[in-house]
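Worksheet: the structure to be examined is printed underneath.
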Amino acid sequence: MDSTSIPAVTISAIGQHNDSEIQLNGWVQNKRENKGLAFIILRDGTGFCQCVASEQELGEDEFKKTKDLTLESSVRISGKVKKDERQIGGYELQVTGIEVIQIAQDYPISKKAHGVDFLLDKRHLWLRSKRQWAIMRVRNQVIYSIHNFFQSRGYVQMDAPIFTGNACEGTTNLFETDFFDQPAYLSQSGQLYGEAMAMAMGKIYTFGPTFRAEKSKTRRHLSEFWMIEPEMAFYNLEMTMDVIEDFLQSVIGDVLQNCSFELEVLERDVTKLKAALNPFVRLTYKDAVAILKGEKEVNGKRSIDLLTEDLNKAKDRLSELNNEIEETEAALKKGGIKKGKVVRMEQSLQNWRAEKAELEEAIRNIPVWIQSAENFVDGNDFGGSDETVITRMFDTPVMVFNWPKIIKAFYMKEVDEDPTLVKGVDVLAPEGYGEIVGGGERETDIDVLIDSIKKHDLPMSEFEWYLDLRRYGSVPHAGFGLGLERLITWICKIHHLREAIPFPRLMGRLLP
RNA sequence: UCCUCGGUAGCUCAGCGGUAGAGCAGUGGACUGUUAAUCCAUUGGUCAUAGGUUCAAAUCCUAUCCGGGGAGCCA
């Protein structure tokens, strides 16, 4: 085959070459065979395309090559583009020639189900699979939209250092390193540096990696993740909440507009994302507590009633499932069923058992959540379940502001009417995803700040440069931090935060 | 650190005192429009490790190791 005379194109651009002969470079994502006919699903990173090879068209020798193709073998395939609405991407390739580059032997990720742990061991290969491809494309869109949002509004991107000397919120959460015989820590926030940069440029944002050393093993934790931290001079809390809302809606809008195929691959219910384009709910901490404890209704419902409803639904579904499982097990044991049907029944059983485990967990959890909500002590921080309960009441993200001073960071500005409160804001994502943004207005008064640093038992010497920002032209300013992976996890509605980053780092995982 | 669930074929799991199982993957075969193709056949096991109870242990008990997700903490 003369590979030079036929133009090589990407699958994403295949629509521009309908009815003409082209060449695709890629990997075999899947293959189905009939006598004299082979269907190769090719992926090239830009998309997926079914290539149809016919023995009649190709001749015996060229067609034989399709027989050897295994999953993830690399190939150049030339052929004629044919529009076909039924196919993935809307086109298929009628193969005229195949050049095998390499035959992959025993690709470890098969076409059927795998556990997350196994897949994470194979993360370098897992990234090739369709779901991961879709998530990473959404991630790319989110990153692009973030830059676009801030750049088009006059923000300057400036980055904070990764090595820091100040253990600004205690050393237990920080990774310690040896920095020329001095202890240094990997940054857990660029916030303080962001304030310095905002005093130089007006509006800035940082975009970089952040490190947390907590020994946390949950679906919402990473030891290394990416954070975006805008900081604006002459902004107050209200203006910041407006920016957050505008910002998140802009990113979500871009994803909805540009990633419809990716969201389809992920089977994402986009009505939930579209709901977030409506104005966000804004609650004071006090109101949020009242809603949590069931003292305040939302749309005529109390949180505890809604949870009880959820609990009963889960119980009903569980007994339904148990019946289905029992009946199917009995039928299988009895035998005399065709093989194809047996396979389907086995698969249903596996799905049901997984759903059952989830329901049982919910049934165990919800009473605890109700208890925790009822007994919530005003003035405490919200736990994971409390966040879930609050967001359960609304369709849009929820912004909670005016928090008790004692549970928030030292740099937050006090509320004028009530100095026990500070002008912080947390954004809670819907569908149980919890906190994605934390921010607020910063303290401008140097005496209040010095007092706060002392009360938090922080080493004053480390903060002299920070206090300079208040000594020389202190102005009202505010900002926030967005956890990139948490936002992506919610947008894609994925189970594990670790699927939202190419190579996750967490306790017990440094490879690959 | 605490709570909780788990470790059985390459993968996903069932079996819970009495001969080690299923599906997928792999391999061989059938089939000219498949969509996780289907159908037939077939390879594949120190049941995490070490002790103990028992006529008999993957199954019960004890210890150890490893992992999951939840609490704490957090984006």
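Numbers restart at 1 for each chain; the letters A, B, ... are given by sequence-line order, proteins then strands.
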Considering only atom [atom1], compute the distance from [N] to [M] and round it to an integer number of Å.
| N | M | atom1 | result |
| --- | --- | --- | --- |
| B/U62 | B/U27 | C1' | 44 Å |
| B/A36 | B/C3 | P | 45 Å |
| B/A75 | B/G33 | C1' | 49 Å |
| B/C47 | B/A9 | C1' | 10 Å |
| B/G23 | B/C55 | P | 38 Å |
| B/A20 | B/G28 | C1' | 25 Å |
| B/U53 | B/U59 | P | 15 Å |
| B/C5 | B/U19 | P | 29 Å |

Proximal nucleotide (of B/G72, B/C11, B/U32) relative to the A/Thr218 side chain: B/G72
For the side chain of A/Ser216, starting at C-beta, report the closest nucleotide among B/G72, B/G68, B/A75. B/G72
Is the number of heavy atoms from other residues, nucleotides or ligands within 6.0 Å of CG (A/Asp106) greater than 12? no
Can you tell me if A/Lys31 has over 12 outside heavy atoms packed within less than 6.0 Å of its NZ? yes
Aro-ring/base stack A/Phe225-B/A75, d under 5.5 Å, angle under 30°: yes
With distance as the sole criterion, do the side chain of [X] and the base of [N] form a donor-acceptor contact below 3.5 Å?
| X | N | value |
| --- | --- | --- |
| A/Arg212 | B/A75 | yes |
| A/Glu33 | B/G33 | no |
| A/Gln50 | B/U34 | yes |
| A/Arg486 | B/C74 | yes |
| A/Gln56 | B/U32 | yes |
| A/Glu57 | B/U32 | no |

Mind calculating the distance between CG (A/Leu428) and C1' (B/C74) to the nearest angstrom? 13 Å
A/Leu71 has an atom CG; how far is it from atom C1' of B/G10, in whole Å? 14 Å
Just one of A/Lys315, A/Arg317, A/Arg392 clears the salt bridge (Lys or Arg N to Asp or Glu O under 4.0 Å) bar with A/Asp310, so which one? A/Arg392
Have a look at A/Tyr205 and tell me which of A/Phe149, A/Phe150, A/Phe247 forms a ring pair (Phe, Tyr, Trp, His ring centres under 6.0 Å) with it. A/Phe150
